[in-house]
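Handing you a structure now.
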Amino acid sequence: MSLKHFIDGEWVTPVRGGKMPVINPSTEEIICEVAAGSTEDVDKAVIAARRAFDRTGNSAWSTSTGDDRAQYLKAISQKIVEKKELLGKLEAQDCGKPHREALWDMDDVAGCFAYYADLAKTLDGFSSPIALPDDRFKSSVQKFPTGVVALIVPWNYPLLMAAWKVAPALAAGCTVILKPSEVTPLTAIELAKIIEEVGLPKGVFNLLLGDGPGVGSPLSSHPDVDKVAFTGSVPTGARVMQAASPTIKTVTLELGGKSPFIIFDDADVIEAVEWIMFGVFWTNGQICSSTSRLLIQDGIAPKVLQRLKEEAEKIYVGDVFSPQDPSMGPLVSRSQLEKVLRYVELGKKEGAQVLTGGKRPPHCKKGYFVEPTVFVNVTPNMTIWKEEIFGPVLSVMTFKSEEEAIRLANDSLFGLGAAVMSKDDARCQRIAKAMRSGMVWINCSQPCFVQCPWGGIKRSGVGRELGEWGLNNYLETKQVTEYVVKKSGEWGWFIKSKL
C-alpha cells in the first residue's frame, strides 16, 4: 500500500514527511500508515491541477471533447468492475461496513463512472437557443467547466462518495484534487492507481491524504481553487463555506440529517419493520439520510414496535469478514463509538426508554461495536430526537393525525430526506408535498439511484449531487448573444446613419 500522495501523475512523499495510521474498526489494529499532508502539499496539488486545466493542445483536458473524456470514465468504470473484490475487501476493512454491503457499493461506484461517461458526451456541441423579443439578436446558452475543484469526502462511503464527485467533475472537464477522510483513505488510493493505469493526463486527477486542518482547510481557502464540494458534518461544512467565502468560490455541501419516517395505521407491519431497519441500521447507522426519527400512528404502534424489537434483536453484529455474514459491522472509530454511546446515555437521562440495544454486543470483545438501538417514550424536546447521532439509534414517537405527523416531521433543523408508508396513495402524495426536505421516499427508505438528485435544505446542505444536477455542479453557464443585422449603421444609437 502506497504511503504517498498522487500529484501531477506521480506518487510523491509529503513535504513534511507526515504519516497517519489507518485502523481496522473490527479489530482495533493498525492496517498501515499513509501520508499526512500539509499546506505545502496542497500548494503542489493546486499548481498541478491549475496547469492541467489551463493546458492547450493535444493534451488539453478542459477543452477536450466530452466523448474523449467519456472514454477515460468508461475505462475507470471497467477497472473498478475488474477490481471489485479487492476494493470491496479494502472498504469493509477500512470503514467497518459489512463485506456484502461494501461489494454492493463497488457496483454503484462503477455505475456512477459509466453514467457520467454517457452524460459527458451530451456536452459536445451543447448550445441551447433562447427565444428573444427582438429579432435583431439571437442568443444561446453554452456550458463550460468550472475549473480546479477540491473534493472532500467522508468516511461512511469512502469510494462511493468520491465517485459522486470525481466522475461528474471529470465529465465536465474540471481538474480534480480529491481529499478522502483521514480515517478511510485506502480505496481512494486504489482509485488513484486505477486512474494512473487508464492514462488520465497528468494533473487532471490529484490525491491528497491528510486531515482537515492539514489539508482540508488550506484546500478550501486556496485562491486557485475554483470550487469546493464537501460531504460531512454540519460544523465542518460551515467551516468549509467560511474558508471559501473570501475568494467567492462555488460551494456544494451535502451535510447532516435527522430524517423522519411516518408510518400510518394502514401500513403492512412486516414491510414497515423491514424498511424502518433498512432506513436506520444500513451502513451501521452511519448515513446522513438515515430515517432515524420514527413516527408511528397510534393504532399500529404496538404491533410495529413488538415486531421491530424482535427483528432488531435478530440482527447479527460482528466482524465484517466473520462466517456469520453480519448485517452490521463496527462503527468507524473509537471516537464515533464513544459519541454514539454518549447519546444513548443522554437519551436515558432525559427520560426515553431503551426498547432494545444500547450497548456493546456481548460476543464482541474488541472493535467499535454497538447493538442496533431503539428508543421509545421519546418527546420532541429530547436531544436524541433533535440531533444527528450518526449511529444505529432510532428514536420513536407516536401521532394521531396526518396534520400532527407533518408538524412533527418538519420540526427539525435538517431537511435531507423523509419517508412515508401507507396504502393510501393520495395521502402519500400529500405527505411528499408537505415535507420540507430534498428527498421523499414513499413506502420505502433510502433508495438511491445515480440518475436522481441527492441533497437537502436547511442545515442539510447546499446544492444537489447525482443525475444531471451533479454534472451541472461542475459547469458554468455562459450567455452568448449575437447582433445579426448586417446593414451598417442600423443600430444608430450614438452614430446616426446618414443613409
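Predicted model only: the values in this text are computed from it and were never measured. For this chain, numbers begin at 1 and follow the sequence in order.
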Minimum-distance pair of heavy atoms, taken over all atoms of M277 and A312: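 Heavy atoms only, the tightest pair is SD-N, 3.8 Å.
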Donor-acceptor pair, side chain of R239 and main chain of S217, under 3.5 angstrom: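 It does not hold such a pair.
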Qualifying residue for ring-ring contact (aromatic ring centres under 6.0 Å, His included) with W61, from F53, F205, Y72: Y72
Minimum side-chain heavy-atom gap V12-K4 below 4.5 Å: no
Shortest non-hydrogen contact from P218 toward P213: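 Residues P218 and P213, closest heavy atoms: CD-O, 3.4 Å.
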Side-chain donor/acceptor of S460 to backbone N/O of G415, under 3.5 Å: yes
Pairwise salt bridge (Lys or Arg N to Asp or Glu O under 4.0 Å) hits with a residue in residues 450-465, at least two apart: K165-E465
Electrostatic pair K193-E190, nearest N-O below 4.0 angstrom: yes
Under 3.5 Å donor-acceptor, Q93 side chain and N24 backbone: no
Got a list of side-chain donor-acceptor pairs under 3.5 Å for residues 167-181, not counting sequence neighbours?
unit_1, atom_1, unit_2, atom_2, d
T175, OG1, A49, O, 2.9
K179, NZ, G210, O, 2.9
S181, OG, V183, N, 3.0

Pair listing, ring-ring contact (aromatic ring centres under 6.0 Å, His included) test, anchored in residues 207-261, at least two apart: none
Parallel, tilted or perpendicular: ring planes of W104 versus W282, cut at 30 and 60 degrees: perpendicular
Sidechain-backbone polar pair: T373 side chain, G358 backbone, donor-acceptor under 3.5 Å: yes
L475 side chain near L123 side chain, heavy-atom distance below 4.5 Å: yes
Side chains of V374 and V280 in contact at under 4.5 Å (non-hydrogen atoms): no
Stepwise ring pair (Phe, Tyr, Trp, His ring centres under 6.0 Å) test for H363 and F369: CA-CA 10 Å; H363 62 278; F369 296 94; 7.6 Å; no
Aromatic ring proximity W155/F390, centre distance under 6.0 Å: yes
Centroid-centroid under 6.0 Å between F278 and W441 rings: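 Ring centroids of F278 and W441 are no less than 6.0 Å from each other.
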Note, T236 side chain near I152 side chain (heavy atom, < 4.5 Å):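 Side-chain contact under 4.5 Å: no.
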Side-chain donor-acceptor pairs of residues 141-149 under 3.5 Å, sequence neighbours excluded:
unit_1, atom_1, unit_2, atom_2, d
K143, NZ, N472, OD1, 3.1
T146, OG1, Y474, O, 3.3
T146, OG1, E476, OE2, 2.9

Stepwise side chain to side chain donor-acceptor pair (under 3.5 Å) check, R55 with S62: CA-CA 8 Å; R55 190 181 296 136; S62 61; over 6 Å; no
Salt bridge (charged side-chain N to carboxylate O under 4.0 Å, His left out) between K314 and E311, worked out: CA-CA 5 Å; K314 294 177 185 176; E311 297 299 332; 3.2 Å; yes
Sequence neighbours excluded, every pair satisfying salt bridge (Lys or Arg N to Asp or Glu O under 4.0 Å) that has a member inside residues 197-207: E10-K202, K79-E197, K83-E197
V462/V251 under side-chain contact (heavy atoms from CB on, under 4.5 Å): CA gap, chis, key distance, verdict: CA-CA 8 Å; V462 178; V251 176; over 6 Å; no
Heavy-atom side-chain contact between V370 and L337 under 4.5 Å: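 Yes - at least one pair of side-chain heavy atoms lies under 4.5 Å apart.
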Pi-cation contact, W385 with R293 (under 6.0 Å, within 45°): yes
Residue pairs fulfilling salt bridge (Lys or Arg N to Asp or Glu O under 4.0 Å) with at least one residue in residues 222-231, sequence neighbours excluded: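 Sorted result for residues 222-231: R50-D226.
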Test log, rule side-chain contact (heavy atoms from CB on, under 4.5 Å), inputs N206 and V46: CA-CA 9 Å; N206 304 275; V46 173; over 6 Å; no
Exam field: side chain D124 to backbone D67, donor-acceptor pair closer than 3.5 Å: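 At least one qualifying donor-acceptor pair exists.
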Donor-acceptor contact below 3.5 Å, side chain Y343 vs main chain E338: no
Test applied, side chain to side chain donor-acceptor pair (under 3.5 Å); reference residue, Y157; option that passes from T187, D108, T184, T283: T283
Side chain to side chain, M241 and S245, heavy atoms closer than 4.5 Å: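 SC-SC contact between M241 and S245 ruled out.
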Derivation and outcome, side-chain contact (heavy atoms from CB on, under 4.5 Å), residues L219 and V215: CA-CA 6 Å; L219 256 183; V215 174; 4.1 Å; yes
Side-chain touch V320/K97, heavy atoms, less than 4.5 angstrom: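 V320 does not reach K97 side chain to side chain.
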Heavy-atom donor-acceptor pair, S77 side chain to L73 backbone, under 3.5 Å: no
Pairing of E388 and K258 as salt bridge, 4.0 angstrom limit: no
Working for side-chain contact (heavy atoms from CB on, under 4.5 Å), residues L413 and K386: CA-CA 8 Å; L413 295 174; K386 296 187 294 183; over 6 Å; no
Main-chain N/O of L331 paired to N284 side chain as donor or acceptor, under 3.5 Å: no
Electrostatic pair E40-R16, nearest N-O below 4.0 angstrom: yes
Nearest non-hydrogen partners of A419 and C444, listed with the distance: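 Of all heavy-atom pairs spanning A419 and C444, the closest is CB-O, 3.5 Å.
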P362 and E371, any side-chain heavy atoms less than 4.5 Å apart: yes
NZ/K89: more than 12 non-hydrogen atoms of other groups inside 6.0 Å: no
